[in-house]
Novice: 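Below are the structure tokens for one structure; questions will follow.
Every chain is numbered from 1 and lettered A, B, ... according to where its sequence line falls, protein lines coming before strand lines. For clarity, every value in this text was computed on a predicted model and none was experimentally measured.
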Protein chains: 2
Amino acid sequence: MKEAKETILRQWSMLRKIPRHPGSVGTRELRDKLQDEGFLIDVRTIQRDLEKLSSLFPLSCETRGKANRWFWMEEATVMDLPGMEPATAVAFRLAEEYLAPLLPNATIRHLEPHFRRAREILKPERGTRLAVWPDKVQVIAGGPALTPPSVKPEVQEAVYRALLEDRQLVCTYRSKDAVQPKSYPINPLGLVFRDGVVYLVGTAKDYAEVRHFALHRMEAAMMLETPCRRPPGFNFQTYVKAEQLFAYPLSRGPIALELAFDKGAAVHLTERLLSKDQRVTQNHDGRVMVRATVKNTLELRWWLLGFCDKVEVLAPQALRDEFSAIAKRMAHRYGS
Amino acid sequence: MKEAKETILRQWSMLRKIPRHPGSVGTRELRDKLQDEGFLIDVRTIQRDLEKLSSLFPLSCETRGKANRWFWMEEATVMDLPGMEPATAVAFRLAEEYLAPLLPNATIRHLEPHFRRAREILKPERGTRLAVWPDKVQVIAGGPALTPPSVKPEVQEAVYRALLEDRQLVCTYRSKDAVQPKSYPINPLGLVFRDGVVYLVGTAKDYAEVRHFALHRMEAAMMLETPCRRPPGFNFQTYVKAEQLFAYPLSRGPIALELAFDKGAAVHLTERLLSKDQRVTQNHDGRVMVRATVKNTLELRWWLLGFCDKVEVLAPQALRDEFSAIAKRMAHRYGS
DNA sequence: CACCGATGCGACAAGTTCTGTCGCACGGCG
DNA sequence: CGCCGTGCGACAGAACTTGTCGCATCGGTG
């Protein structure tokens, strides 16, 4: 026997090395992994440990041929240490509500065990007289109520793996115009998340051209053994920054914004700052003047447009001209 | 000895009962808690367990007078079971990036240990040749780049606790107009999260009037022993739905939306559906017609306004009139 | 079809660990 | 000062752990 109290630590390590259901692990495999961590232990002991632990934890095994393969049951909630505190559980519930429209289902699915745990904690039956969550907390999400397109879990899994392990990927892709989906190998270079949509950035077959593949348009995907080939000199970060499609920022430097809000419309700004140097003053005509230095982005325009006629852009002149033009075109469109 | 293999389970339970640093727990306390779960165990054993476990886990104790008080070190990362898989770690990283502008710092703080764990998993040094996260994945958040106002962690903590335990709260509040903050008791009735701002809904002192207190305007907050008194017949859920300030939905039923997008502007819609029954057709004038049944919300208006002159609302007539009026007013504002 | 290697598992015995119990040492409090 | 609550060292018997064997199965291979 090497050391005292090895046991618990080893069992702990073992538990962490067992994957959740779709995956699984064999006993020898486990022994090797444990050996890497310095636990010199007999296979027999591992068998015994597994058997014992499976009566305490939601572990299960499946006999493939002769060998036993162990895994966590798929629906096992996360067991975390230190135990989740109510405040953390509340944070998780909030995260769940906020993220639902922002992340694809297949990604959310991975967080699900944590969300489940949070819900358990917030259940009122749990001794502590914690109130029922929805009776006390409400989320009013700001984003539009669009639902993100659904991505097949297997597809996302394959894409993630290929990307992280730097391998090629065979993919059945239904492109926007084509009715019939086509299969071909892709060299995955990076992932872009925008709103609820996920794009795989990569090159198809042997082409040098970098393309975007929306994950929800992939009917199937499978990682290959062949390593990913990347165009010489390609850098994902600079690519994303440079690429038109994803580039929202419109000019490099910040702009000195000057706005006049109708009374009442500017309440938001006293809650959420537009920038750190934001200054708010009352105008003589009753309107609220706001000055702030902000980034010149498309998002800024969307945000301003959301106030429609309740805000007037005073400066910079270029932005004012933009809005003036927009207003003219809109009026023309609906006019007479 | 009651049963075999009790030990690990008991130690596991014990670990979960120990709070993270600001909190702490004593040995007798632990014994009582464990007794509630059916572990009839001597205090001495608990002392021994703690000592042993503290050499394996980031546990620590602090001697207050004579008694030892145990806790998890504040910076301890979450240890979860089953161990976090790379795909889950990616999901957490995404969650982190998306939530930063949506949740107040004090709430995010509670998720931090999980985020930290995810970052650890995605570090490249971990044997597996997982690529460095930022080299492979980019998030382009859709929301505006406003930063949520910062909330003091102690304040949020106190508010959460008071709310969940149904107690009163003493609060030093700096109201919008007043320069000097004032202290008074509040009966907490519920929390509302909207964009990055958190509001406590409640009544002040003995008043019956229900008010909203923004958490970032609270300089201090402390839970009281006195139970929360709620206005007779008050129901948080119906209150939030009814209340003007928070009520975004504008009419009960859904509306049959009909839009004409300029060519190119409707690309989004082929990615993200507006509704399940959405139908997209090509018009003879080159524009893209979209028909969908959607909820009649303010958000819908914001979203449509974001397209400014690139979309025309055709139906329902009421909405078209709204937009027509908005366009006219905007043009007038910037006109001449 | 037989043989080989890999795997699982029951049994065993020696060695470790666990646990209730005592007794002693402190520190605070009345 | 004495009492109480707490921590902790020591002890012994019971319970548990673990390496080792040996046997039974299963799959694949020649």
Novice: Just wondering, are more than 12 heavy atoms of other shown residues or ligands nearer than 6.0 Å to OH in B:Y184?
Specialist: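 Count over threshold, so yes.
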Novice: Provide, to the nearest angstrom, the distance between the CD atom belonging to B:E51 and the P atom belonging to D:dC8.
Specialist: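 For the pair B:E51 CD and D:dC8 P, the rounded distance is 6 Å.
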Novice: Answer yes or no: does atom CD of B:E51 have more than 12 heavy-atom neighbours from other residues, nucleotides or ligands under 6.0 Å?
Specialist: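 It does not: B:E51 CD has 12 such atoms or fewer within range.
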Novice: Just to confirm, is there a sub-4.0 Å distance from OP1 or OP2 of C:dC18 to any side-chain nitrogen or oxygen of B:T45?
Specialist: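 For C:dC18, OP1/OP2 do not have a side-chain N/O of B:T45 under 4.0 Å.
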Novice: Taking the six-membered ring where the residue is Trp, are the ring centres of B:F92 and A:H110 under 6.0 Å apart?
Specialist: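 They do not qualify: ring centres at least 6.0 Å apart.
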Novice: Of all the choices, D:dT17, D:dG7, C:dG20, which nucleotide is nearest to the side chain of A:R10 once you look at every atom?
Specialist: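 Out of D:dT17, D:dG7, C:dG20, the nucleotide with an atom closest to A:R10's side chain is D:dT17.
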Novice: Tell me the interatomic distance from A:I8, atom CD1, to D:dC16, atom P, rounded to whole angstroms.
Specialist: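 Checked: the CD1 to P distance equals 14 Å.
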Novice: Are more than 12 heavy atoms, taken from residues, nucleotides or ligands other than A:R230, located less than 6.0 Å from that residue's CZ atom?
Specialist: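 Yes, the 6.0 Å shell around CZ holds more than 12 heavy atoms from other groups.
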Novice: Under 3.5 Å, which N/O atoms of the protein pair with N/O atoms of nucleotides 3-5 of chain C?
Specialist:
none

Novice: Rounded off to whole Å, could you give me the CG-to-C1' distance for the B:L56 and C:dT17 pair?
Specialist: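 Going from B:L56 (CG) to C:dT17 (C1'), I get 14 Å.
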Novice: Using whole Å, what does the distance between atom P of nucleotide D:dG27 and atom CZ of A:R69 come to?
Specialist: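 Result: 16 Å.
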Novice: Tell me whether the OP1 or OP2 atom of C:dT17 has a side-chain N or O from B:T7 closer than 4.0 Å.
Specialist: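 No, outside the criterion.
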Novice: Round to the nearest Å and state the distance from A:D42 atom CG to C:dT7 atom C1'.
Specialist: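 Atom-to-atom, A:D42 to C:dT7, this comes out as 13 Å.
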Novice: Which atom names give the shortest non-hydrogen contact between B:V155 and B:A220, and what distance separates them?
Specialist: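 The answer is CG2-CA, 3.9 Å.
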Novice: Grab the two heavy atoms, one from B:L191 and one from B:L200, that are nearest each other, plus how far apart they are.
Specialist: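 So the minimum-distance heavy-atom pair works out to CD2-CA, 3.9 Å.
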Novice: Side chains of A:V90 and B:Q156: closer than 4.5 Å at any heavy-atom pair?
Specialist: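 Answer no - side chains too far apart.
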Novice: Could you tell me which residues satisfy side chain to side chain donor-acceptor pair (under 3.5 Å) with A:R16, sequence neighbours excluded, listed by chain and number?
Specialist: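 Listed in chain order: B:D80.
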Novice: What are the atom names and distances for every N/O pair under 3.5 Å that joins the protein to nucleotides 23-30 of chain C?
Specialist:
none

Novice: Are more than 12 heavy atoms from other residues, nucleotides or ligands located less than 6.0 Å from atom CE of A:M223?
Specialist: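 Atom CE in A:M223 is packed in, count exceeds 12.
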Novice: Phosphate oxygens OP1/OP2 of C:dG8: is one of them under 4.0 Å from a side-chain N or O of A:Q47?
Specialist: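 Checking A:Q47 against C:dG8: at least one side-chain N or O falls below 4.0 Å of OP1 or OP2.
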Novice: Are the side chains of B:E85 and B:T88 in contact, using a 4.5 Å heavy-atom criterion?
Specialist: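 Side-chain contact under 4.5 Å: yes.
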Novice: In whole Å, I'd like the distance from the CG atom of A:L9 to the C1' atom of C:dT16.
Specialist: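 So the two atoms are 17 Å apart, to the nearest Å.
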Novice: With hydrogens left out and only the distance checked, is there a donor-acceptor pair under 3.5 Å joining A:R48's side chain and the base of C:dG8?
Specialist: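 A donor-acceptor contact between them is absent.
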Novice: Is there a side-chain contact between B:H21 and B:W72 in this structure, where contact means two heavy atoms from C-beta onward sitting under 4.5 Å apart?
Specialist: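 Result no, sub-4.5 Å side-chain heavy-atom pair not found.
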Novice: Please report the end-to-end axis angle for the helix from C:dC1-D:dG30 to C:dG30-D:dC1, five pairs per end, rounded to 10 degrees.
Specialist: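 So the angle between the two local helix axes works out to 30°.
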Novice: Tell me whether the rings of B:W12 and A:W12 are parallel (<30°), tilted (30 to 60°) or perpendicular (>60°).
Specialist: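 Ring orientation, 0 to 90° scale: tilted.
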Novice: If you only use heavy atoms from C-beta on, which nucleotide in C:dG20, C:dT21, D:dG19 is closest to the side chain of B:R44?
Specialist: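 Looking only at side-chain atoms, B:R44 lies closest to C:dT21.
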Novice: Taking all atoms of both residues into account, what is the closest heavy-atom pair of A:E75 and A:R116, and its distance?
Specialist: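 Between these two residues, the closest heavy atoms are O-NH1, 2.5 Å.
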Novice: Got a sec? Which of residues 26-36 of chain B come in under 4.0 Å of DNA chain D, heavy atoms?
Specialist: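 DNA chain D contact set from residues 26-36 of chain B: B:T27, B:R28.
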Novice: Tell me: CH2 of A:W70 to C1' of C:dG8, nearest whole Å?
Specialist: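 After rounding, the reported distance stands at 11 Å.
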Novice: For D:dC16 and A:K52 - does any side-chain N or O of the residue sit under 4.0 Å from the phosphate oxygens OP1/OP2?
Specialist: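 A:K52 to D:dC16 OP1/OP2: no side-chain N or O under 4.0 Å.
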Novice: Taking all non-hydrogen atoms of both residues, which atom of B:A118 and which atom of B:M84 are closest, and how far apart?
Specialist: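 Here B:A118 and B:M84 meet closest at CA-SD, 3.8 Å.
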Novice: Please report the distance, rounded to the nearest Å, between CD1 in B:I46 and C1' in D:dG7.
Specialist: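 B:I46 atom CD1 is separated from D:dG7 atom C1' by 13 Å.
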Novice: Checking A:E154 now: which residues fulfil side chain to side chain donor-acceptor pair (under 3.5 Å) with it, not counting sequence neighbours?
Specialist: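 Per chain and number, A:E154 pairs via side chain to side chain donor-acceptor pair (under 3.5 Å) with no residue.
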